[in-house]
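Fair warning: this is a prediction, and the values are worked out from it, not measured in the lab. Order of the sequence lines fixes the chain letters, A, B, ..., with proteins taken first and strands second; residue numbering starts at 1 for each chain.
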There are 2 protein chains.
Amino acid sequence: MNTASADEPRWLSDEEQRTWRAFMHATTLLEDHLDRQLQRDAGMPHIYYGLLVQLVEAPGRRLRMTELAMKAKITRSRLSHAIARLEKNGWVRREDCPSDKRGQFAVLTDEGYEVLERVAPGHVTAVRQALFDRLTAEQQETLGEAMRLIAAGLQPEGAGADLPWLR
Amino acid sequence: MNTASADEPRWLSDEEQRTWRAFMHATTLLEDHLDRQLQRDAGMPHIYYGLLVQLVEAPGRRLRMTELAMKAKITRSRLSHAIARLEKNGWVRREDCPSDKRGQFAVLTDEGYEVLERVAPGHVTAVRQALFDRLTAEQQETLGEAMRLIAAGLQPEGAGADLPWLR
DNA sequence: TCCAAAAGCTTGACACTTCAAGTAACCATC
DNA sequence: GATGGTTACTTGAAGTGTCAAGCTTTTGGA
């Protein structure tokens with residue numbers, strides 16, 4: 001680490017300021033935009049949609065709660081509440097894990113699958129219009145790399161390195 | 001889940017998928033990280049901190065509600081609730097606008113200024129560690145440009161082009 | 001075998017956001 | 001000098017997120 005945070009922090013340069021503000025603006029505007037789009041078309045926020053996507057891609061369309069929480073980058077607590085809501089909608093159902101009685105699977109229902117099928121095209125379009133259509137291939141490449149670096153730095157140490165039931 | 005749907009949308013390529021997921025992961029992890037950091041050190045979420053920053057930079061440390069909402073990229077409603085909370089903390093106070101009786105100013109109090117002074121160093125450090133320290137100058141440059149393009153595309157049409165009381 | 005510690009998940013209370021609806025003041029026009 | 005439309009902001013309820021505490025089951029030794 002550098003000098004100190006309590007002493008004399010390295011403030012952001014003007015250029016860094018501009019970058020940071022653009023980052024904040026773009027991400028909040030985009031998240032808001034996608035939230036509204038999905039709330040309107042699917043009746044759920046963006047993050048809930050992400051949960052369904054994770055499930056549809058998983059073998060058997062099911063995932064252990066902890067694993068789903070990790071893939072979606074949210075806490076277990078938040079996931080519990082979210083799955084409770086999605087269950088109420090009939091889009092996900094819980095199943096007990098036979099090999100570990102503490103464990104729960106979140107399973108995508110047929111109804112949930114249909115919602116996804118119906119809503120996915122509009123969502124991709126929204127993402128394209130907001131992001132990919134506005135950037136060159138090079139910019140996309142660099143953006144992806146930058147985001148991977150940032151995410152890697154924030155990921156809790158050996159996150160997910162060893163889920164016992166994945167061995 | 002490929003063919004189906006009304007129009008046959010252009011699905012994301014594998015590379016685009018990777019970029020998009022990295023984007024989502026990085027932004028949610030970062031927002032969570034900063035929220036926790038500020039909640040711990042300042043007792044407020046990141047967005048509230050952003051409001052105080054906007055105020056401290058404004059002439060007279062005050063801003064009309066609508067203008068503040070625009071700068072912070074949030075709805076007026078959200079701002080109303082947020083300012084109510086910050087007012088309860090004694091960090092912001094409301095003032096009537098003399099020239100327009102519907103108008104309200106949000107004003108940063110001395111106490112609010114002190115919070116900012118106390119908390120800013122740690123926040124800059126957090127941003128540096130999470131973002132700037134991990135990217136080359138070129139990556140930062142491209143990231144900033146990309147974010148500016150995305151934000152511009154999502155900005156409501158002539159947003160803020162003409163606030164009467166700014167003329 | 002037994003038990004303390006950890007893992008997996010849930011719960012409830014409180015904080016924050018959203019949405020729709022509401023109030024009050026301004027303004028342009030007749 | 002009314003009046004219809006717009007602007008500025010607030011409110012309340014319902015939805016979602018966070019945090020700390022809880023329960024049950026599993027694990028790793030003693």
From [atom1] of [X] over to [atom2] of [N], roughly how many Å is that when rounded to an integer?
X       : N       : atom1 : atom2 : value
D96(A)  : dT10(C) : CG    : P     : 10 Å
K101(B) : dT23(C) : NZ    : C1'   : 16 Å
L34(A)  : dT18(C) : CG    : P     : 13 Å
D35(A)  : dG17(D) : CG    : P     : 9 Å
H33(A)  : dT18(C) : NE2   : P     : 15 Å
M70(A)  : dG8(C)  : CE    : C1'   : 11 Å

Open item on the list: Listing request: all side chain to side chain donor-acceptor pair (under 3.5 Å) pairs with a residue in residues 102-117 of chain B, at least two apart in sequence or in separate chains.
Closed with: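 The answer is D100(B)-R102(B).
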Task: Pairs meeting criterion side chain to side chain donor-acceptor pair (under 3.5 Å) with involvement of residues 27-45 of chain A, two or more places apart - done: E31(A)-H46(A), Q37(A)-D41(A), Q37(A)-H123(A)
Open item on the list: If the cut-off is 4.0 Å, is R102(A) near the phosphate of dT10(C), judged by side-chain N/O to OP1 or OP2?
Closed with: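 No.
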Does [X] have any side chain to side chain contact (heavy atoms under 4.5 Å, CB included) partners at least two apart in sequence or in another chain, and if so, which?
X       : answer
A146(A) : L135(B)
T125(A) : Q129(A), P9(B)
R128(A) : F132(A), D133(A), R10(B), L12(B), E16(B)

Task: Positions of residues 71-88 of chain B (non-hydrogen atom under 4.0 Å from DNA chain D), listed by number - done: R76(B), S77(B), S80(B), H81(B)
Open item on the list: Near DNA chain D, counting only heavy atoms under 4.0 Å, which residues of residues 40-56 of chain B show up?
Closed with: none
Open item on the list: Tell me which pairs pass ring pair (Phe, Tyr, Trp, His ring centres under 6.0 Å) where either residue lies in residues 69-101 of chain A, with sequence neighbours left out.
Closed with: none
Open item on the list: With heavy-atom distances below 4.5 Å as the criterion, would you say the side chains of Q139(B) and R134(B) are in contact?
Closed with: no
Task: Proximal nucleotide (of dC26(C), dC9(C), dT25(D)) relative to the R64(A) side chain - done: dC9(C)
Task: By ring pair (Phe, Tyr, Trp, His ring centres under 6.0 Å) - contacts of F23(B) (at least two apart) - done: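 Ring pair (Phe, Tyr, Trp, His ring centres under 6.0 Å) list for F23(B), sorted by chain: W20(B).
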